[in-house]
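Remarks on the structure that follows.
Keep in mind it's a predicted model, so treat the numbers as computed, not measured.
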Amino acid sequence: MHLLLSRGPAGVSLTELDDSGAIVRGPDDVVDLAAEVAIRERVSAGARWVWDDTSRWYPGLLRAGVRVGRCIDLRLCRAILRNSSLTAASALARCARDGWDEPTPEPRRGGAALFEVDEEPDDGAMGEFVRQQAAVAATADPARIGLLLAAESAGALIAAEMRFAGLPWRTDVHDAMLSDLLGPRPAGDHRPVKMQAVLEAVRATLDMPTLNPDSPSELLGALGRAGLQVQSTRSWELQSIDHPAIRPLLEYKKMARLLSANGWNWLDTNVADGRFRPDYVPGGVVTGRWASKGGGGALQLPRQVRGAVVADPGWKLVVADAAQLEPRILAALSSDRGMVEAGSAGDLYAGIVASGAVDTRAHAKVAMLGAMYGATSGESGRLLPRLAKAYPRAIAFVEEAARAGERGEIVTTRLGRSSPRGASAGYDETATAADVTRARAQARSWGRFTRNFVVQGTAAEWALCWMAGLRGRLLGLGQARGDFTSGAHLVFFLHDEVVVHCPDRLAEQVEHEVRAAAADAGRLLFGALPVEFPVTVAIVQDYGQAK
DNA sequence: TATACATGCGCC
DNA sequence: AAAGGGCGCATGTATA
């Protein structure tokens, strides 16, 4: 059953549809949205809400204490169906771009709006839902892209719920870490004392009392005058230099990064009431990964500050990481039995070493990363032929994805998300040698993108299925729906890692559900193929204790 | 003064 | 050791 919510000039209306998409009832005006949704969630078990944009409907429902089980996010689904090779012949994919192709409008600030953004684009949610259902139904295997649409939509629910619940954050712990490393919080925009001391050491060593190390060009000049031949001021390049200024300089850079990215200003801006509430953007990356905006860089949370993520008293954090997700995804995508086998004992990289393909775990790792990213030189590039010999199907799979990109073709993930079409840099008989070189370099660059797209994108699909399944399992652990204060719930997501906040007594159960959901996700994507997705789980008091 | 771009670095 | 995929943000610098 589908329950379609629509917002028009006259207010909110609800239409009930059966599984074929036929209207069973409505549209009916909705007076009290939260109450209506809450009732339907109780009465119509398993119903799927259909709405234009989860980020516009769901936060309000959550604030009213209402959670929903399942939904279809028409805007996110449009983006997938518009581009997918599986639906390329559909009316939806061929229609002119319209409001459904636009990103979520920025929320209106207070006062009169210049234009109305609360209404749905164009011909309404019903029209779009029908178009989407037709596009899915016309594919050879509707369940495949159907799963992707469901998972993407579940992700939107989860993103809203994680923002609502928030990641538990101890401001006092964070402040103590900063004070310890940098010195106490200074007044105004002065540098903290420990940081200032390190800076003075740099200045003294270089004999430049007014050096501003935050200016790359100034720093580059200063290092040059000190006789240091460097192309840039990047830390990794400086590391290899033997000079008394380097150690304090690297130390300063580390401190400056912490201060500017996750210092007191970050705390003031992003943590309130003991919670960090990131602004996730499901589907925000072309590959299907999530992005984040504002909200303090949720997907770049440095390990350095994770100790400030502390479970509430009587609660635990269950931190779960899908081990070597992308290589395992590649093994499954390519049905490379050898690579699947290498991962079956636990550590995929150790398995590769055991097969004799390479001699150390570090080599296995760098070679695999190179294969998935398209490395051509360096250690990674040198090891690639050995990997190709041991795992021909896996390597052929990414090579073919790369060649397709170089030819200007699109590639598609396991469930049906397709890459954008690259800008083809063609050349004709008037092209100079430099033009040809440039065009080929651009083609190879796009090939590296499509090579990685199939792996990263399918890994993102696996992660969505994992998280969606876990969410359902956590909802079944017995807490009252809509209550984030008594039951296990997701609080953080980072591509292949999730954090669940739960009462002490539920932690072991949560660990079990996390692993079970991972196994489910593997079966959903790859069916009977015996590929395993082991999960590393840590039950901890603070996030810093994990890994 | 506002905006756009480059650099550097954090995450996967 | 620093090549190869995807991001976001703070800061400095250049340009309008």
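Listed by first and then second residue, the salt bridge (Lys or Arg N to Asp or Glu O under 4.0 Å) pairs involving residues 254-273 of chain A are R185(A)-D268(A) (not counting sequence neighbours). Listed by first and then second residue, the salt bridge (Lys or Arg N to Asp or Glu O under 4.0 Å) pairs involving residues 238-247 of chain A amount to none (not counting sequence neighbours). The list of salt bridge (Lys or Arg N to Asp or Glu O under 4.0 Å) pairs with a residue in residues 395-413 of chain A, not counting sequence neighbours, reads E399(A)-R403(A), E399(A)-R451(A), E400(A)-R407(A), R403(A)-E406(A), R407(A)-E409(A). Sorted by first and then second residue, the salt bridge (Lys or Arg N to Asp or Glu O under 4.0 Å) pairs with a member in residues 159-182 of chain A read R67(A)-E161(A), E161(A)-R471(A), R170(A)-D172(A); sequence neighbours excluded.
Considering only residues two or more places apart in sequence or on other chains, E152(A) meets the salt bridge (charged side-chain N to carboxylate O under 4.0 Å, His left out) condition with R417(A). Shown here are the salt bridge (charged side-chain N to carboxylate O under 4.0 Å, His left out) partners of D214(A), two or more places apart in sequence or in another chain: R191(A). For R361(A), the side-chain hydrogen bond (donor to acceptor under 3.5 Å, both in side chains) partners are D347(A), not counting sequence neighbours.
Under the 4.5 Å side-chain criterion, counting only non-hydrogen atoms from C-beta, E326(A) is in contact with M372(A). No side-chain heavy atom of S334(A) sits less than 4.5 Å from a side-chain heavy atom of M339(A). Two residues are said to be in side-chain contact when any heavy atoms from C-beta on lie closer than 4.5 Å; I158(A) and F493(A) fail this criterion.
Rounded to an integer number of Å, the gap from CG of L301(A) to C1' of dC9(B) is 15 Å. Distance, L250(A) CG to dC9(B) C1': 13 Å, rounded to whole Å. Distance, M372(A) CE to dC12(B) P: 14 Å, rounded to whole Å.
Taking a cutoff of 4.0 Å between a charged side-chain nitrogen and a carboxylate oxygen, E102(A) and R82(A) do not qualify as a salt bridge. With salt bridges taken as basic N to acidic carboxylate O contacts below 4.0 Å, none links D542(A) and R306(A).
Within a 6.0 Å radius of CG in D359(A), more than 12 heavy atoms belonging to other residues, nucleotides or ligands are found. Heavy atoms from other residues, nucleotides or ligands lying under 6.0 Å from NZ of K194(A) number more than 12.
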Pair W290(A)-H495(A), ring-ring contact (aromatic ring centres under 6.0 Å, His included): steps then yes or no: CA-CA 7 Å; W290(A) 288 13; H495(A) 306 312; 9.0 Å; no
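Bracketed by its first and final contacts, the part of DNA chain C lying under 4.0 Å from non-hydrogen atoms of chain A reaches from dA2(C) to dT13(C) in 5' to 3' order.
DNA chain C lies under 4.0 Å from at least one heavy atom of each of the following residues of residues 379-389 of chain A: E379(A), S380(A). Listed by residue number, the members of residues 221-249 of chain A with any heavy atom below 4.0 angstrom from DNA chain B are S232(A), T233(A), R234(A), S235(A). For DNA chain B, the neighbouring residues in residues 251-289 of chain A, judged by any heavy atom under 4.0 Å, are K253(A), K254(A), R257(A), R289(A). Of the residues in residues 177-205 of chain A, not one comes within less than 4.0 Å of DNA chain B through any heavy atom.
Between H489(A) and H501(A), the ring planes lie perpendicular to each other; the angle is over 60°, past the 30° to 60° tilted range.
Along DNA chain C, the nucleotide nearest to G378(A) and the one nearest to S215(A) differ in position, and the one closer to the 5' end is contacted by G378(A). Where S445(A) and Q300(A) each meet DNA chain C at their nearest nucleotide, the meeting point lying more 5' is that of S445(A).
A sub-4.0 Å separation between OP1 or OP2 of dC12(B) and a side-chain N or O of R303(A) is present.
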